[in-house]
Amino acid sequence: MLDETVAVIENRPLTGGHFLLSLRSPHQAPLVRPGQFAMLRLPGHSDVLLRRPMSIYDVKLAHPQGSGKGKGNLPEIIQLLYKIVGRGTQLMAELRPGDQTEMLAPLGHGFFEEKYLEAARQADEVLHVAGGIGIAALLMPAKSLARAGIRQRLFFGARGVQELVGTEDFVPFVGETILSTEDGSCGTPGYITRPLEAHLENHRHQRFLLLACGPWAMLEATAEMACRHGCPCLVSMENRMGCGLGVCLGCSIRVRGEGHGSYERVCTEGPVFWAKHVMWERK
Amino acid sequence: MKNQSSIGLARNQSREPETEAAFSPGLEIDLAGIHFQNPVLTASGTFGYGQEFARLIDLNKLGGIVVKGISAEPMPGNPAPRIYETEAGMLNAIGLQNVGARKFLEEKLPFLRTLKARCLVNVFGYSTENYVRCVEILNEGEGIDAYELNISCPNTRCGGMVYGSDPKLTEEVVAASKRVSRCPLFVKLSPNVTDITVFARAAEAAGADGLTLVNTFVGMAIDVETHTPRISNVTGGLSGPAIKPVAVRMVYQVCRAVKIPVIGIGGIASAEDALEFVIAGARAVQVGTANFYAPETSIRVVEGLRAYCQHHRTHFSSLVGSLRLPEDQPPASIEY
């Protein structure tokens with residue numbers, strides 16, 4: 001984890017108020033593991049005092065391979081996929097190429113720490129379950145699983161077709177993508193948990209590992225479904241964060257068993273947890 | 001955060017840089033018999049147990065570290081959501097989640113002992129006996145330089161607020177803790193009272209070696225779409241730059257009311273902020289919320305204070321309480 005001043009390379013607007021922010025960060029990018037996050041600071045705005053936690057969407061080489069430039073094969077760019085939801089993300093959307101910002105990254109435990117690897121190896125297929133901007137946490141895991149030759153499928157639901165951003169980025173890594181929208185503008189109408197349930201029902205003989213990121217209600221429903229079907233399920237949680245360093249204790253969530261009382265910090269013990277470890281009490 | 005280079009300008013522009021470098025700013029201080037290499041500490045609850053920041057800043061450059069509030073037994077804390085950002089500040093209701101005194105001694109203190117920064121342990125309890133119990137456990141540890149008695153957490157029934165809002169109880173818990181304490185005792189006061197000087201005097205009379213002020217202000221934020229409070233505890237403690245002017249005023253008042261040293265805290269994010277507290281009378285300062293969003297703040301405050309003293313050829317000690325009041329303003333009169 002490093003605290004760096006980084007420069008904006010591009011802040012590309014996508015549909016539905018989403019943006020893809022590319023930051024030049026040659027020291028941090030090589031350290032990023034799938035599922036980790038960054039805390040971004042927008043200096044000079046006293047009304048946006050705290051840093052904003054953001055899933056790391058992807059890391060990229062500064063120059064495409066074969067162009068003869070760049071330092072070997074180490075990534076130098078960190079990409080954050082985000083949606084405007086408040087003042088902080090509104091200010092992020094105003095960042096222009098050449099602007100500087102402060103970033104603490106990479107933070108937290110990712111999806112494929114040693115403790116989770118075994119589950120991925122044992123699965124016949126990994127099912128990614130994304131709700132809305134939760135998609136941002138899943139691209140790096142999909143890439144790394146593809147490299148390991150593990151079969152994958154993406155279930156991605158959002159409010160409308162405008163919010164289904166980034167699906168094309170998953171195409172090279174997942175076998176099939178199942179989409180759903182609440183307004184019925186694309187894919188199955190309704191929540192993504194419906195086609196997910198159908199898939200689990202229809203393939204009872206297969207061993208799945210579920211990786212999920214999205215709104216609390218979707219994660220809760222996915223966790224319940226995974227439990228019912230006996231599938232291991234990892235969830236990437238989000239919460240308001242003060243520091244990202246594990247000291248403010250502002251992001252703690254209720255979990256089962258021991259460890260820091262019955263709370264664990266999303267920033268430090270997470271953001272990835274076993275779904276059965278989380279107490280899915282109503283927010 | 002404010003630009004540090006704006007500090008200490010103008011008046012001494014013509015001075016030779018060599019002379020400035022040679023001038024000793026006298027940042028080293030003694031408070032309640034403890035020697036600090038500089039007057040900048042990190043505030044309880046904003047700096048964990050120190051180790052969390054070891055990869056980001058040089059902890060050996062700090063004057064002191066006040067660790068997260070410790071109770072005799074571990075505390076789980078409050079349900080989420082626990083924090084909410086407000087204009088130039090934040091509300092928190094963490095609920096004093098901590099590992100407990102025994103685990104602190106075993107797991108956290110050994111690292112803190114290796115640092116040049118002084119180690120102050122923030123202590124709280126739910127009864128006078130419980131405060132005493134916590135101090136007694138902590139007394140077994142080697143390397144604690146002082147205690148900071150927290151009688152001002154607004155977020156739990158057992159967080160000491162009851163002790164911080166009744167002068168008699170303040171006196172009782174300070175006297176009882178002081179009796180058993182092996183090291184100097186600072187008392188962290190609540191600003192959520194009508195007249196903070198009453199509590200400052202009560203703590204002094206009960207034997208406190210110093211005061212820390214202020215803790216957070218009780219505040220509230222509401223989601224107007226759902227008509228629900230923004231944090232689960234309904235109310236929370238407000239901290240950050242938003243509270244600084246009120247904190248400076250309280251430090252000013254208290255420094256005129258007591259003889260024991262005062263550590264100023266409340267929204268400090270730059271050396272200039274720290275200087276306001278010092279000129280108002282604080283002998284040292286603590287950096288709190290700024291640690292969350294800019295972990296290097298306390299180091300910048302140290303460097304900024306040094307630069308200010310060198311520019312003005314002033315020893316730090318002569319800045320303490322150096323406020324110049326308008327001539328027609330009698331120093332003791334404060335209307336609010």
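All chains are named by letter (A, B, ...) in the order of the sequence lines, taking the proteins before the strands, and each is independently numbered beginning at 1.
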**Q** Determine whether a donor-acceptor pair (N or O, by modelled atom type, separation under 3.5 Å) exists between the side chain of B/Arg82 and the backbone of A/Leu249.
**A**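 Confirmed, B/Arg82 side chain pairs with A/Leu249 backbone.
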
**Q** Check A/Arg87 with B/Glu87, please: is the shortest side-chain N to carboxylate O separation under 4.0 Å?
**A**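 The answer is no: the pair does not qualify as a salt bridge.
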
**Q** Do you know which two heavy atoms are closest between B/Tyr293 and A/Arg41, and how far apart they sit?
**A**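 Between these two residues, the closest heavy atoms are O-CD, 3.2 Å.
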
**Q** Mind listing the closest non-hydrogen atom pair of A/Cys248 and B/Ile94 along with its distance?
**A**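 That would be O-CD1, 3.2 Å.
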
**Q** Identify which part of A/Arg254 has an atom lying under 4.5 Å from any heavy atom of chain B, answering side chain, backbone, both or neither.
**A**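 Neither part.
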
**Q** Minimum heavy-atom separation for A/Leu49 to B/Pro241, with atom names?
**A**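 That would be CD2-CD, 3.7 Å.
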
**Q** Near A/Tyr191 OH, under 6.0 Å, is it more than 12 heavy atoms from other residues, nucleotides or ligands?
**A**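 Count not over threshold, so no.
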
**Q** Could you report the tightest heavy-atom contact between A/Leu50 and B/Met90, atom names first, then the distance?
**A**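 Taking A/Leu50 first and B/Met90 second, the nearest heavy atoms are CD2-SD, 3.9 Å.
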
**Q** Carefully, step by step, assess A/Tyr263 and B/Asn78 under the rule side chain to side chain contact (heavy atoms under 4.5 Å, CB included).
**A** CA-CA 9 Å; A/Tyr263 288 95; B/Asn78 289 334; 5.6 Å; no

**Q** Look at atom CD of A/Glu224 and say whether more than 12 heavy atoms of other residues, nucleotides or ligands are closer to it than 6.0 Å.
**A**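 Yes - once you tally the heavy atoms of other residues, nucleotides and ligands closer than 6.0 Å, there are more than 12.
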
**Q** Taking atom NE2 as the centre, does A/His27 end up with more than 12 heavy-atom neighbours from other residues, nucleotides or ligands that are less than 6.0 angstrom away?
**A**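 No, because the 6.0 Å sphere around NE2 of A/His27 holds 12 heavy atoms or fewer from other groups.
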
**Q** So which residue, A/Leu2, A/Leu104, A/Val48, ends up with the most heavy-atom pairs under 4.5 Å with chain B?
**A**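 The residue among A/Leu2, A/Leu104, A/Val48 with the greatest pair count is A/Val48.
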
**Q** For A/Met1, is it the side chain, the backbone, both, or neither that has a heavy atom closer than 4.5 Å to a heavy atom of chain B?
**A**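 Its backbone and side chain both get close to chain B.
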
**Q** Are any of the side-chain heavy atoms of A/Asp3 and B/Pro295 separated by less than 4.5 Å?
**A**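 Result yes, sub-4.5 Å side-chain heavy-atom pair found.
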
**Q** Looking at every heavy atom in both B/Ala80 and A/Asn239, which two are closest together, and how far apart are they?
**A**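 Smallest heavy-atom distance, with atoms named: CB-ND2, 4.0 Å.
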
**Q** Passes side chain to side chain contact (heavy atoms under 4.5 Å, CB included), B/Ile231 versus A/Arg240? Steps please.
**A** CA-CA 10 Å; B/Ile231 50 179; A/Arg240 286 185 210 142; 4.2 Å; yes

**Q** Is it the side chain or the backbone of B/Tyr84 that comes within 4.5 Å of chain A heavy atoms, both, or neither?
**A**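 For B/Tyr84, heavy atoms of backbone and side chain both lie under 4.5 Å from chain A.
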
**Q** Tell me whether the count of non-hydrogen atoms from other residues, nucleotides or ligands lying under 6.0 Å of CZ in B/Arg113 goes above 12.
**A**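 Yes, CZ of B/Arg113 has more than 12 neighbouring heavy atoms, counting only those of other groups under 6.0 Å.
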
